[in-house]
Amino acid sequence: MSHANLPDPIAADPAGADPTGASPAREPEVWDSLIVGGGPAGLTAAIYLARFHRRALVVDKGDGRMQLIPVSHNHAGYPDGVAGGALLERMRDQARQYGATLRRGEVAGLRPDGDGFVADTDAGPVRARTVLLATGVVNHRPPIDDDAHMDAVSRGLLRYCPICDAFEQTGKRIGILGGDTHGLAEALFLRSYSRDIVLLGLASVTLTPDEQAQADAAGIRVVTVPVSSFDFTDEVRLTLDDGSDVIVDTLYAGLGSTTRNDLGRALGTALCDNQCFLTDDQQRTNVPGIYAAGDAVEGLDQISYAMGTAARAAVAIHNDLRDKDGQTLD
Ligand SMILES: Cc1cc2nc3c(=O)[nH]c(=O)nc-3n(C[C@H](O)[C@H](O)[C@H](O)COP(=O)(O)OP(=O)(O)OC[C@H]3O[C@@H](n4cnc5c(N)ncnc54)[C@H](O)[C@@H]3O)c2cc1C
């Protein structure tokens with residue numbers, strides 16, 4: 001096999017990434033990869049792809065879960081913790097430094113186009129040979145307005161991820177909002193951090209006799225009267241339908257989440273339980289040329305997992321393109 005198609009690693013590609021690391025002189029007509037989502041998954045893929053001298057474009061709406069993290073204490077390498085926004089900024093700088101293009105906006109649609117895909121973005125159509133879906137998930141929120149929600153999350157009064165931050169809640173009064181099997185599972189998980197655990201719901205909590213027995217055995221208090229209002233002024237005050245209050249130090253929302261899978265779903269990507277993207281062990285979906293990483297794929301919803309799956313996706317994208325272009329060993 002001749003390698004006549006191999007890019008010259010010395011000459012700058014006028015239509016794309018510059019191997020010297022500078023930003024592209026102008027945008028290519030067809031990107032090697034369009035990355036939808038600029039959270040830790042999308043940005044990790046952008047860093048890797050840019051360092052493979054690939055023309056990578058990230059389009060990001062900027063409302064991801066990482067942005068919400070006040071301080072993460074479980075992300076390796078930051079013994080004093082790191083704010084989600086600060087980590088994102090560092091990753092953006094790193095991606096740009098190697099020549100990735102980052103754009104704020106939304107990818108509203110995606111369809112096949114010749115050998116690749118065309119995406120509808122706010123800035124017009126974007127053509128790409130491959131697409132990485134790093135779109136994440138949206139947590140279902142308690143019924144409070146956006147400002148109150150942001151404030152409660154930033155002050156650690158409202159939380160979404162026991163794996164991430166329950167350690168800091170050790171010994172405190174912990175509430176779990178999600179009065180179903182999922183809520184009870186989360187309450188049992190949190191029981192190893194505190195004796196003072198209370199399970200509540202937006203509707204009246206109904207557990208099976210077996211579940212109630214497990215809750216009783218673990219010493220978890222189950223409040224069957226629905227929560228009607230939330231006050232995060234100081235501590236967390238939950239007012240119930242009967243007018244009584246439950247006060248906790250922190251409240252975990254265990255209300256489930258929705259995967260942002262519309263773009264893949266429209267192309268026919270396989271989903272797990274109609275939610276997360278199903279991929280092979282290289283992050284390829286069942287639609288050739290479409291890859292997925294991060295929270296949007298089945299697995300652990302963590303920064304490290306988002307980064308790991310994205311690194312794997314970027315390597316697969318690069319190698320699949322090399323293969324297509326006759327640049328791999330026969
Ligand atoms: C309050 C909170 C605290 C957390 N704490 C920790 C922690 O301490 N440690 C830890 O490991 N994890 C933590 N997590 C989980 C962590 O944030 C996620 O696992 C991680 O952000 C997933 O990365 P991602 O790139 O897959 O998705 P996200 O970070 O959610 O990013 C997805 C991006 O895709 C964009 N997007 C979606 N659809 C489109 C579209 N059509 N067009 C353009 N852009 C689009 C979104 O705007 C978003 O910017 C926490 C989560 C929350 C909510």
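Indexing begins at 1, ligand by ligand and atom by atom, following the structure's order. The chain is numbered in sequence order, starting from 1.
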Please assess Leu251 against Leu238 for the test side-chain contact (heavy atoms from CB on, under 4.5 Å), listing each intermediate value before the final yes or no.
CA-CA 9 Å; Leu251 178 69; Leu238 305 159; 4.0 Å; yes
Quick one: ring-ring contact (aromatic ring centres under 6.0 Å, His included) pairs with a partner in residues 133-161, sequence neighbours left out?
His149-Tyr160
Which is closest to atom 5 (N) of ligand 1 in terms of heavy atoms, Ala293, Ser257, Cys164, Ala83?
Cys164
Quick test: of every protein heavy atom, which one is nearest to atom 35 (C) of ligand 1, and how far off is it to 0.1 Å?
Asp60 OD1, 3.2 Å
Mind checking whether Ser304 has an N or O less than 3.5 Å away from an N or O of ligand 1?
no
Rounded distance [0.5 Å steps], OG1 in Thr250 versus CD in Glu235:
12.0 Å
Does the N or O separation between Val107 and ligand 1 drop below 3.5 Å for any pair?
yes
Asp165 versus ligand 1: do any nitrogen or oxygen atoms come within less than 3.5 Å of each other?
no
Per-atom filter on ligand 1: closer than 4.0 angstrom to a heavy atom of Gly39 are 25 (O), 29 (O), 31 (O), 33 (C)
If we ignore angles and hydrogens, is there a donor and acceptor under 3.5 Å between the side chains of Thr285 and Thr279?
no
Considering only heavy atoms of Met66, which atoms of ligand 1 have at least one such atom less than 4.0 Å away?
17 (O), 21 (O), 29 (O)
So which of Asp63, Leu263, Val297 gets nearest to atom 47 (O) of ligand 1, if we judge by its closest heavy atom?
Asp63
Taking atom 50 (C) of ligand 1 as the point of reference, which of Val137, Ile69, Asn261, Asp262 owns the nearest heavy atom?
Ile69
Look at atom CZ of Arg90 and say whether more than 12 heavy atoms of other residues, nucleotides or ligands are closer to it than 6.0 Å.
no
Atom 11 (O) of ligand 1: which protein heavy atom is closest, and how many Å away?
Ile303 N, 2.8 Å
Relative to the heavy atoms of Arg260, which atoms of ligand 1 are at a distance of less than 4.0 Å?
37 (C), 46 (C), 47 (O)
For ligand 1, which is the ligand I care about here, please tell me if Glu106 has any N or O atom under 3.5 Å from one of the ligand's N or O atoms.
no
Disulfide bond (SG atoms under 2.5 Å apart) partners of residues 141-189, not counting sequence neighbours, each pair once:
Cys161-Cys164
Looking only at distances, please establish whether an N/O atom of ligand 1 is found under 3.5 Å from an N/O atom of Lys61.
yes
For Tyr48, does the OH atom have more than 12 heavy-atom neighbours from other residues, nucleotides or ligands under 6.0 Å away?
no
Looking only at protein heavy atoms, identify the closest one to atom 18 (C) of ligand 1 and say how far it is in Å.
Asp295 OD2, 3.3 Å
Within ligand 1, which atoms have a heavy atom of Ser72 less than 4.0 Å away?
7 (C), 8 (O), 9 (N)
